[in-house]
Amino acid sequence: MKSQYDSYLSFCVLALTLFGTVMIYSTSAVFAEMHFQDTSFFLKKHLLHLAVGVIALFIGLRVNYHQWEKKIPWIMIITLILLVLVLIPGVGYEVKGARRWLRFYMIGVQPAEILKIVLIFYVASYLNRKQELLTSFFRGISPNFIVIGTYLFLVLLQPDFGTVVLISMTVLLMIYIGGGKPIHIFGSLICVSMIAVFLIASQAYRLRRFLAFLDPWDDPLDSGFQIIQSFIALGTGGWFGRGLSQSLQKLFFLPDAHTDFIFAIIGEEMGFLRVCILILLFAVLIWRGYMIAWHVNNNFGKYLAFGITTSISLQILLNLFVVTGLLPTKGLPLPFISAGGTSLITSLFMVGLLLNISQESFRH
Amino acid sequence: MNKIRQFNVYNFHSRIFSVMCLIGLCLLLVLGRVFYLQIWNAEYFNELAQRQQQRTIKLESKRSPIYDRQQRLLAISVKVDSVHALPQHVQEPEKTARILSPLLQMEESVLLEKLTSQRSFVWIKRQISPALSAQIKNANLKGIAFIREYRRYYPLGNFAGPLLGFTGVDSQGLEGLEYEYQELLQGKKYNHVVAQDGTHRTVPSADYNHSKDSNHYTLHLTIDSSIQYFAEKALKKGLARMDAKKGIAIVMETQTGAVLAMANVPGFNPNNYQKYPRSHYLNYAVSSGYEPGSTLKLVTLATALEENILQEDQAFFCENGSYQIADQVIHDVKPHGWLTVEQIIQKSSNICASKIGLAIEKETFFDYLQQFGFGNKVNIGLSAEAVGKVPAPKDWTEVDHASIAFGHGILSSPIQLLTAVNSLGTGGMLVYPYVIESVENKQGRKVKEIQNVAGKVIYRFGMRESKRVLSEKTANRIKQFMISVTHKGGSGSLAAIPGVEVAGKTGTTEIFDEVTQAYSKKEHIASFIGLVPAANPVLTILIVIESPKKSHYGGTVAAPVFREIAERSLIFMGKGMISRKSKAQTN
C-alpha cells in the first residue's frame with residue numbers, strides 16, 4: 001500500500017512542515033514572550049493546527065474525490081453562504097482591517113481558503129465535462145468567469161487581494177491546461193490585470209504598497225518599511241546565516257516575521273545555501289505535483305492535481321516574490337512554513353488529495 | 001471528438017510542461033534575487049542592519065582609586081543601587097509612597113509626585129546604601145527599579161578633604177585631586193556598541209561585556225595618611241587652643257619634595273560634602289596667598305649673605321625697637337640694641353631685617369625672590385594654585401623695599417614659602433614639591449609620565465629636577481642660625497623637640513583688611529616653618545594659622561603645632577632619636 005503514494009512528495013511535505021515548525025518557534029518566541037508572556041504561544045497554536053492539518057491530509061487521502069464532483073453545486077452554495085457571512089460585521093471577525101475570519105466556537109476559519117479548493121474542484125469538473133466548449137470564449141470561458149468573478153468579488157470585499165490574485169491565476173492556468181486558447185487566456189489576463197490596476201489605484205493602502213514596491217526607499221519608515229526590513233534580514237544572512245534563532249531582524253524590526261515574511265528570517269538565520277535547499281524542496285514538491293497530473297489516467301484527477309499543484313506553486317512564488325521585493329506586499333503565507341492555521345490545513349488537505357490522486361496514477 | 005482526444009494526448013503534456021518551465025523559471029528568478037540580496041549586495045544591507053540594530057552607548061569606566069604612599073585607600077568607587085520609578089508601571093502610588101517615605105526619609109508628597117509623573121522614568125534617590133536597597137527590594141513594589149551605579153567613597157571620612165576633593169553624583173570630579181585628575185581617574189567615556197531591537201531596547205546578549213578601557217589610572221600619592229593624621233589632629237588641637245578660624249599644615253620630605261601631609265582645618269568629609277560650606281572645600285595650602293611675614297627674613301638674609309653684602313659675624317643696631325624709613329616707622333616686638341645676624345633671626349627683628357634688605361639692590365633682591373619661586377606657581381599639580389604677588393622692583397618705594405625684607409607687601413602661598421625655605425635644608429637646592437608619586441595604568445604598571453597621542457608628555461609625576469638657588473655654605477649658615485630660634489630665648493622655643501635640633505622661624509602678620517585698606521590690629525596670621533632634624537633635615541613643616549584669638553604670635557600659636565607634628569612624624573618614621581634620658585635632661 002505504502003509504495004503507492006508518491007514518496008518524494010510525502011518527504012518534501014514532511015521536511016517542509018518540520019522545518020516550518022522549527023522556524024515558527026524561532027521567529028515568534030520573542031514576540032510571543034512580549035505579548036503573551038509565553039515563548040511557545042505561537043508554537044503551541046501551530047502544533048494544534050498541524051494536528052488538524054494531518055487529519056485533513058488523511059481525509060484528503062481517503063475520500064473518493066470522484067464522488068465529490070457530483071456534490072460541487074452544493075459545496076459552491078455553502079461556500080457562497082460562508083463568503084457572504086464573513087462580510088457581515090459581528091459574524092465575520094476582523095483582523096488588521098480585513099474581515100476574513102469566521103469563528104465557530106474557538107475555531108477560526110477563513111472562507112477564502114476554502115474557496116481556493118472549492119474553485120479548483122469546480123474548474124476541474126467543468127473542464128472534465130465541457131472541454132469541447134473551451135475553444136469558444138463566449139460559450140466556454142465567459143460563463144466560468146461570471147461564476148468565479150462573483151466569488152472573487154466577495155473575497156475582494158473582505159478585502160483579500162492576494163487570494164484573489166492567486167485564485168484567478170490558478171483558474172486561468174487550469175483553463176489553459178484544459179485546452180483554452182492562449183489568446184483567450186492572454187486577453188483575460190490583460191482584463192484581470194486592468195481590473196487589478198484599477199483596484200490598486202482605488203485603495204489608498206494598496207497604492208501605497210505598490211509605490212513602496214517600486215521604490216521602498218522613498219518612504220523607508222512607513223510603507224516601504226516592511227520590505228526594507230525584509231531585505232536587511234536577507235542581506236545579513238550571507239552564505240551561512242547567523243545561525244538558528246540568532247536573527248536580529250525578528251526583534252521587532254520586521255513585521256509579520258513568523259507569518260508572511262518568515263522566509264526573510266529563514267534567509268537571515270540559515271543563509272543562502274540552506275535557502276537553496278529550501279527552494280529545492282519546493283521545486284521537488286511542485287515537480288512531483290505536476291508529475292501526478294501528468295500520469296493520472298482520468299481527466300478530473302488530472303485537472304484536480306494540476307489545479308492543486310498550481311495553487312500551491314503560485315502561493316509559494318507569490319510569497320517569495322513579495323518577500324524578495326519582486327512584487328508589492330500582499331498578505332499570503334508561505335505554504336507549509338508560515339504560521340497561519342487555515343492556510344496550513346488547506347495546504348495539507350490539498351497534499352492529501354494529491355497523494356490520493358497519485359495512488360491512482362501509480363496503480364495504472 | 002477526434003480533435004479533442006488529440007488535444008488531450010498531445011497538448012495537455014506540452015502545456016503542463018510549459019507551465020512547469022514557467023514556474024521553474026520563476027523559482028530560479030527568486031533564487032537569483034535571493035543571491036543578489038544575500039550575497040551580492042550583502043555589504044550594503046549589513047551596513048543598514050548595523051545602523052538600526054546597533055546602538056553606541058557611552059559607558060563610564062569605574063573611576064580609579066587613590067592610594068597614599070602606604071597603599072592605604074583614600075578614595076574608591078563602589079557599586080551601589082540607585083532607585084528610580086517607572087511611573088507607568090507603578091500600581092498603587094499612594095501605598096508605594098507610604099512604604100518608601102520612611103525608608104528613604106523623603107516626604108510622602110514628594111514621592112507621590114514622582115510616582116505619578118507623566119515621564120516614563122524618574123529618579124527617586126541616587127546611590128543608596130546596600131542595606132536600604134535590600135529593604136526596598138524586599139518590599140517588592142511594582143514600578144520601582146534599581147540601576148547599579150558607581151559611588152565614590154572615601155574610607156577615611158573627614159580626612160584630607162580639601163586635598164582629595166570629591167566627585168558629584170555622576171562621578172565627575174568637582175574639587176581637589178578628583179577634579180584636577182578627572183581625566184586620568186575616570187578615563188574617557190568610551191563607546192560601547194550594543195545590539196538593540198526594533199523597539200530600541202537593548203538586546204541582552206552574551207557579548208555585552210564592560211571591556212575595561214586602558215585609559216584610566218590609579219593615583220599613588222606621596223601623602224602618608226599617618227602623618228596626614230598627625231598633622232590634622234595637631235592642627236585641630238592648636239586651633240581649638242587658640243580659638244582660631246582656620247589653619248593649614250604642610251609636611252614635606254626635605255630632600256625630595258614629596259608632600260607627606262597637607263592638612264586644612266576645618267576641612268570637610270568628602271563623603272557628604274554637601275553638608276559643608278563651600279569655603280571648606282578649598283585647599284588653602286596651595287590656593288591662598290598671604291603675607292609671609294618674618295619667615296621671609298630667611299630669604300632676605302640668605303640673599304645678603306650670598307651676595308656678600310653681609311658677613312655672618314657682622315652686628316646690626318636695632319634702633320631700640322623703632323626705626324623711621326621715609327614716612328613710616330617700623331617697630332620690633334621687643335626693643336633690641338646690637339644684634340648679630342644669628343640673633344636677628346632668633347629674635348626676629350624687623351628693623352635689622354629691613355636694614356639688610358635695603359642694602360640689597362632692588363633688582364638683585366627681586367631676582368632672588370623669583371629664583372626662590374615667589375610670584376610663580378610651583379606646579380605642584382593641584383588645582384587652583386595661587387601665583388602670589390611680588391611687585392616689580394621699579395615700583396618699590398623705600399618703604400616697600402624695607403617691608404618686603406621682613407615679609408610684608410608681598411603675597412606668597414604657603415606652598416611657595418615652604419618651597420623657598422626648604423632650600424635651606426637641602427644645601428641650597430630648590431626642590432619642587434609634588435603630591436603624586438606615580439600613576440598605575442590598567443596593566444598594573446606604575447608610570448611617571450603620560451603622553452598624549454602625539455607623544456607629548458602631558459602629565460609628569462614623582463620627584464622633579466631641583467635647581468640651585470644658594471651656595472651650600474650660605475644655606476647651611478642660615479639653617480644653623482635657625483636652630484637658635486627654637487632654643488631658649490628664641491621666638492620659636494615652643495617648637496623645640498627634646499633630643500632633636502630644630503631649625504625654624506616664626507612669623508606673625510596682621511591681616512590686611514581689604515575693606516579698610518589697613519592692617520587689622522585684631523586679625524593675625526601666625527606661622528612657623530621648620531626643618532628637622534636640623535643637622536640633616538628629613539622634614540620641612542609649615543604651619544599657618546589664621547585669626548587666633550588667645551594669642552597671635554607664630555611662636556606661641558604655630559610653634560607648638562609644629563612640634564607635635566614633627567615629633568610624632570619623626571617617631572613614626574623611625575627618625576626620632578628621642579630617649580627618656582634626653583627628655584629628662586630638657587625638662
Side-chain angles (χ1 to χ4, degrees), chain A residues 30 34 131-132 134-135 173 176-180 182 220 228-239 241 248-255 263-264 267-268 271-272 275-276 279-280 282-283 286-287 289-291 293-294 299 302-303 306 309-310 313-314 316-317 320-321 323-326, chain B residues 1-55 193-207:
Chain A
V30 177
M34 190 180 184
Q131 199 177 44
E132 66 276 8
L134 274 181
T135 44
L173 282 174
Y176 169 69
I177 220 81
I228 290 176
Q229 294 308 325
S230 174
F231 288 170
I232 290 174
L234 287 166
T236 47
W239 288 102
L248 289 173
Q249 284 298 97
K250 69 185 176 192
L251 302 173
F252 315 106
F253 285 112
L254 179 63
F263 181 75
E268 189 189 3
F272 179 69
V275 163
C276 288
I279 289 178
L280 187 71
F282 279 131
I286 293 164
W287 169 57
Y290 284 132
M291 281 303 111
W294 186 294
N299 280 351
K302 244 186 219 317
Y303 297 131
F306 177 83
T309 311
T310 306
S313 338
L314 286 179
I316 293 167
L317 283 176
L320 295 184
F321 275 30
V323 173
T324 57
L326 294 169
Chain B
M1 280 307 270
N2 194 25
K3 195 179 158 197
I4 291 161
R5 197 147 290 289
Q6 260 184 343
F7 168 83
N8 268 345
V9 177
Y10 176 71
N11 262 6
F12 181 81
H13 284 164
S14 71
R15 286 193 175 186
I16 209 170
F17 184 72
S18 60
V19 169
M20 277 167 74
C21 285
L22 183 72
I23 287 173
L25 280 174
C26 287
L27 279 175
L28 282 178
L29 179 66
V30 168
L31 213 54
R33 177 72 174 170
V34 173
F35 180 82
Y36 169 79
L37 293 171
Q38 290 209 275
I39 310 296
W40 195 259
N41 233 352
E43 206 173 310
Y44 173 65
F45 290 118
N46 271 303
E47 202 188 300
L48 281 185
Q50 262 176 26
R51 215 182 295 165
Q52 69 177 19
Q53 289 165 353
Q54 297 186 344
R55 181 164 39 135
V193 177
V194 292
Q196 70 169 0
D197 67 17
T199 59
H200 302 289
R201 293 180 314 178
T202 304
V203 177
S205 74
D207 55 9

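In the text below, chain A, chain B and the rest are named by the order of the sequence lines, each starting its count at 1.
Atom CZ of A/Phe321 is surrounded by more than 12 heavy atoms from other residues, nucleotides or ligands within 6.0 Å.
For the atom pair CZ (A/Phe272) and CH2 (B/Trp40), the distance works out to 12.5 Å, reported to the nearest 0.5 Å. Here the CD1-OG1 distance, from B/Ile16 to A/Thr310, works out to 7.5 Å after rounding to the nearest 0.5 Å. The CG atom of A/Leu326 lies 9.5 Å from the SG atom of B/Cys26; values are rounded to the nearest 0.5 Å. Here A/Gln229 contributes atom CD and B/Leu48 contributes atom CG; the two are 9.0 Å apart, rounded to the nearest 0.5 Å.
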Q.
Go through it in stages, so that I can follow the logic: the residues are B/Val34 and A/Phe263, the test is side-chain contact (heavy atoms from CB on, under 4.5 Å), and I'd like the CA-CA distance, side-chain angles, deciding distance and then a yes or no.
A. CA-CA 10 Å; B/Val34 173; A/Phe263 181 75; 3.8 Å; yes
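Proximity to chain A is absent for every atom of B/Asn41, based on heavy atoms less than 4.5 angstrom apart. Using a 4.5 Å cut-off between heavy atoms, B/Tyr36 does not touch chain A at all. When heavy atoms are compared at a cutoff of 4.5 Å, A/Leu234 approaches chain B by way of both its backbone and its side chain.
Two residues are said to be in side-chain contact when any heavy atoms from C-beta on lie closer than 4.5 Å; A/Ile286 and B/Leu27 meet this criterion. Here the side chains of A/Tyr290 and B/Phe17 are not in contact, with every heavy-atom distance at 4.5 Å or above.
Here the closest non-hydrogen pair linking A/Thr324 and B/Leu37 is O-CD1, 3.9 Å. Shown here for A/Glu268 and B/Gln38, the closest heavy-atom pair between the two residues is N-NE2, 4.4 Å. For the residue pair A/Pro182 and B/Arg15, the shortest heavy atom distance occurs at CD-NH2, 3.5 Å. Taking both residues in full, the closest heavy atoms of B/Ile39 and A/Gly238 are given as CD1-C, 3.6 Å, listed atom of the first, atom of the second, then distance. When all heavy atoms are compared, the tightest approach of A/Gly235 to B/Asn46 is O-ND2, 3.7 Å. The minimum heavy-atom distance linking A/Trp294 with B/His13 is given by the pair O-NE2, 3.4 Å.
Using cut-offs of 30° and 60° for the angle between ring planes, the A/Phe306 and B/Phe12 rings count as perpendicular.
Looking at residues two or more places apart in sequence or on another chain, you find a salt bridge (charged side-chain N to carboxylate O under 4.0 Å, His left out) between B/Glu47 and B/Arg51.
Contact tally against chain B (heavy-atom pairs below 4.5 Å) for A/Ala283, A/Gly267, A/Gly325: the top residue is A/Gly267.
Within the structure, the side-chain hydrogen bond (donor to acceptor under 3.5 Å, both in side chains) test picks out the following pairs touching residues 16-29 of chain B (sequence neighbours left out): A/Tyr176-B/Ser18.
Looking at A/Thr309, A/Ile316, A/Leu317 one by one, the single match for side chain to side chain contact (heavy atoms under 4.5 Å, CB included) with B/Ile23 turns out to be A/Leu317.
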